[in-house]
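By convention in this document, chain letters (A, B, ...) are assigned in the order of the sequence lines, proteins followed by strands, and residues within each chain are numbered from 1.
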Number of protein chains: 2
Amino acid sequence: MTTIKKIAECTHVSAATVSNVLNGKGGASEAKAREIRETAERLHYTPNLLAKRLKNQHSNTIGIITEDLTVFNTPEIVDGVDAACEAMGLEIILGNMRLYKRYNNDFTDTQRHQQLLDKMIEHMLSHQVEGIVYIGYHCRKLVYLPSRITVPIVYAYCYPLNQKYPAVIYDDEKAAYDLTMLMIQKGHRQIGAICGPLDSFHTLERLKGYQRALYENGILFNPQLLQYGDWSRSSGFAAAELLVPAGVTAIFAFNDEMACGVYEYCARNSLQIAKDISVAGFDNRDISADCTPSLTTAKLPLEEIGQTCTRLLTSAIDGEPPKSEITRLPCILLERESIGPCTTV
Amino acid sequence: MTTIKKIAECTHVSAATVSNVLNGKGGASEAKAREIRETAERLHYTPNLLAKRLKNQHSNTIGIITEDLTVFNTPEIVDGVDAACEAMGLEIILGNMRLYKRYNNDFTDTQRHQQLLDKMIEHMLSHQVEGIVYIGYHCRKLVYLPSRITVPIVYAYCYPLNQKYPAVIYDDEKAAYDLTMLMIQKGHRQIGAICGPLDSFHTLERLKGYQRALYENGILFNPQLLQYGDWSRSSGFAAAELLVPAGVTAIFAFNDEMACGVYEYCARNSLQIAKDISVAGFDNRDISADCTPSLTTAKLPLEEIGQTCTRLLTSAIDGEPPKSEITRLPCILLERESIGPCTTV
DNA sequence: CTGAAAGCGCTAACAC
DNA sequence: GTGTTAGCGCTTTCAG
């Protein structure tokens with residue numbers, strides 16, 4: 001391990017001088033400075049960040065806590081935080097709670113969850129992080145909050161009880177509204193919806209947007225045209241089996257997988273998507289761009305959530321008064337081929 | 001910030017004693033010890049890991065470098081490394097190169113890539129990591145290796161030129177062999193294959209396995225029955241359009257997405273999967289379990305790759321002589337419903 | 001059983 | 001310009 005001290009010896013100066021030179025603080029003749037830099041290079045000097053930070057008393061690091069890194073939206077958000085941090089010269093440390101595998105997906109906000117969380121935060125604090133981004137594995141209200149935290153925290157893709165801390169999520173309602181509007185503009189009036197489970201935040205919000213679009217266009221909301229799936233492709237298929245005979249000309253599936261189920265139903269029943277029946281999805285999963293015809297859907301602003309969180313966090317770290325509110329970022333509407341004009345008279 | 005010193009003051013002992021007690025080293029009367037522990041608790045003492053490590057001169061940390069965290073297999077591998085580390089009391093620090101977004105996916109092993117890599121490694125070394133796991137975004141031979149590295153490194157999901165360092169990948173060939181065997185056992189002889197691009201490691205390996213199975217069963221390999229896709233669903237569809245008329249009774253798609261394309265082709269052409277035509281995929285993507293009939297596929301041992309890497313790395317850190325070879329972990333065959341008996345005479 | 005002292009690698013005042 | 005000193009928070013002899 002090459003240290004500053006060793007370089008000092010080799011170049012016959014003091015450690016302080018080496019430090020100054022290596023940090024561009026001047027304080028040495030150009031000749032000496034070059035010599036120092038060269039020796040550092042030659043000896044493969046790598047500054048010891050631990051020592052540096054201990055001395056400087058600030059870590060320039062923020063912690064990212066993920067509920068589960070393997071859940072599909074999480075990595076993109078982490079990526080967004082990471083990118084923003086890199087741009088701002090911040091470092092990250094990652095703490096993955098692995099809730100899925102740990103609890104077999106049966107852990108919705110329990111005390112046990114909080115214990116884990118507290119341990120995680122403690123750990124981050126040990127690392128002297130200056131702030132924390134907490135990334136949920138799906139959007140919902142968090143009941144168990146850190147029992148003790150001494151640095152700012154912001155929530156991504158979930159939001160804390162009582163809005164005690166700022167949170168960044170995306171705007172489900174608006175995106176669902178937009179998608180439904182798109183269908184209405186193409187002349188559709190009998191628009192079926194395939195929801196997710198009723199206890200899902202996403203379902204509720206998307207439902208609101210769907211209903212608002214109907215309302216604003218004077219279309220009676222027909223509960224018959226509402227089916228509940230479980231986000232799976234097969235549940236989308238099953239819903240289509242009910243919806244199509246009921247006379248819908250368009251189906252808004254609350255996620256892409258269920259939309260694929262509708263596609264399959266149509267293929268089996270010789271219905272042509274966009275012509276005989278229009279379909280919209282949600283999430284912009286890989287498959288949505290790739291199916292035929294390509295699926296109109298809403299892209300989630302995952303990267304942006306990460307970026308925004310980082311921005312909120314850094315301003316909190318810089319002492320800005322915390323505004324503990326929920327920021328809703330718009331989804332991006334991806335209009336592709338699956339919605340055609342309504343041909344029914 | 002509560003430090004050991006402050007606790008020492010409050011409890012009228014020396015910092016050394018506090019340190020001893022808090023680290024369970026004994027060296028204090030039970031009364032004193034309890035008092036110290038209680039004050040630590042009361043003052044919310046959080047040990048400063050930076051100081052601890054600076055002093056102890058080992059970080060107990062390994063670095064994880066990901067080529068791109070957002071590529072679908074990466075998070076699972078990270079998760080595996082993470083889990084293994086937790087079990088061994090190691091910490092991780094994550095370095096994400098974000099190759100995809102940075103280079104717009106046009107970066108296949110260039111000098112620029114290496115510069116980034118070197119910077120990344122330097123950074124890890126600054127953090128005093130004791131070893132590094134490098135996770136590729138897809139399996140291939142890496143040409144540009146770290147120019148200087150002072151700690152052990154092991155590669156996951158890719159392998160270094162000249163096998164300079166150990167690597168852990170999964171066994172494409174074997175899995176493809178098994179999948180093909182499954183079809184043969186069900187009586188199929190005319191088995192089409194939909195490959196990925198020919199320059200892909202995965203394509204080559206899976207092709208080998210496919211051909212070996214044919215060979216061992218005395219089935220002539222018919223190049224007509226081979227189509228090349230680009231891993232996308234639509235390319236699977238297109239391949240099916242060629243393969244089915246050519247008289248195959250089964251199709252082995254080299255990934256699940258292309259298999260879905262085959263499904264779509266069958267739906268459109270009133271062919272029943274498993275009955276009229278059998279299909280296999282690869283990767284065990286979410287959709288494979290969820291389509292109808294469910295898709296027989298190969299599950300990648302991603303977690304296990306992470307775990308194995310960690311094990312290899314720690315033994316290298318413990319001074320074990322490095323065996324620089326490629327470890328191939330078996331995939332898990334998921335036999336579901338998409339392969340039926342061959343009914344053609 | 002307890003404490004004083006030294007030092008991990010680095011930096012910031014302040015002398016010279 | 002350059003060096004000396006002190007100290008970040010912690011642990012580890014070693015002496016009492």
- Message: Quick check: do B:K32 and B:V21 have side-chain heavy atoms less than 4.5 Å from each other?
- Response: no
- Message: I want to check something: taking the side chain as every heavy atom from C-beta on, are A:H58 and A:E130 in contact at a cut-off of under 4.5 Å?
- Response: yes
- Task: Give a yes/no answer on whether the side chain of B:K5 brings an N or O atom under 4.0 Å of OP1 or OP2 in D:dC8.
- Result: yes
- Task: Kindly assign one of parallel, tilted or perpendicular to the pair B:Y100 and B:Y137, based on the angle between their ring planes and the thresholds 30° and 60°.
- Result: perpendicular
- Query: Rounded to the nearest Å, what distance is computed from the CG atom of residue A:N48 to the P atom of nucleotide C:dG7?
  - Reply: 18 Å
- Task: Let me know the distance between CG of B:L50 and C1' of C:dC8, rounded to the nearest Å.
- Result: 13 Å
- Task: Answer yes or no: is there a side-chain heavy-atom contact under 4.5 Å between A:S14 and A:T17?
- Result: yes
- Rounded to whole Å, NZ of A:K6 lies from P of C:dC8 at a distance of 11 Å
- Message: Using the rule side chain to side chain contact (heavy atoms under 4.5 Å, CB included), only one of A:V133, A:I135, A:V71 pairs with A:T66; which is it?
- Response: A:I135
- Message: Rounded to whole Å, how long is the line connecting atom NE2 of B:H12 with atom C1' of C:dC1?
- Response: 18 Å
- Return the orientation label for the A:Y170 and A:Y157 ring planes: parallel under 30°, perpendicular over 60°, tilted otherwise. tilted
- Phosphate contact (D:dG9 OP1 or OP2) by A:Q57 side-chain N/O below 4.0 Å: yes
- Task: Write down the distance between CD (A:E9) and C1' (C:dG9), rounded to a whole number of angstrom.
- Result: 13 Å
- Query: Would a 4.5 Å heavy-atom cut-off, applied to side chains only, mark B:R148 and B:D118 as touching?
  - Reply: no
- Find the distance B:L54:CG to C:dG7:C1' and express it as a whole number of Å. 9 Å
- Starting from C1' on C:dC10, measure out to CD on A:Q128 and report it in whole angstrom. 16 Å
- Side-chain touch A:I65/A:N96, heavy atoms, less than 4.5 angstrom: no
- Establish, with yes or no, whether the OP1 or OP2 oxygen of C:dC8 is under 4.0 angstrom from a side-chain nitrogen or oxygen of A:T3. no
- Message: Are B:L117 and B:Y144 packed together at the side-chain level, in the sense that at least one heavy-atom pair is separated by less than 4.5 angstrom?
- Response: no
- Note on the structure: B/S/- along nucleotides 11-16 of chain D (protein heavy atoms under 4.0 Å) is BB----
- Query: What parts of residues 30-42 of chain A reach DNA chain C, counting only heavy atoms under 4.0 Å away?
  - Reply: none
- Message: So B:H58, base contact, sugar-phosphate only, or nothing? Heavy-atom distance under 4.0 Å.
- Response: nothing
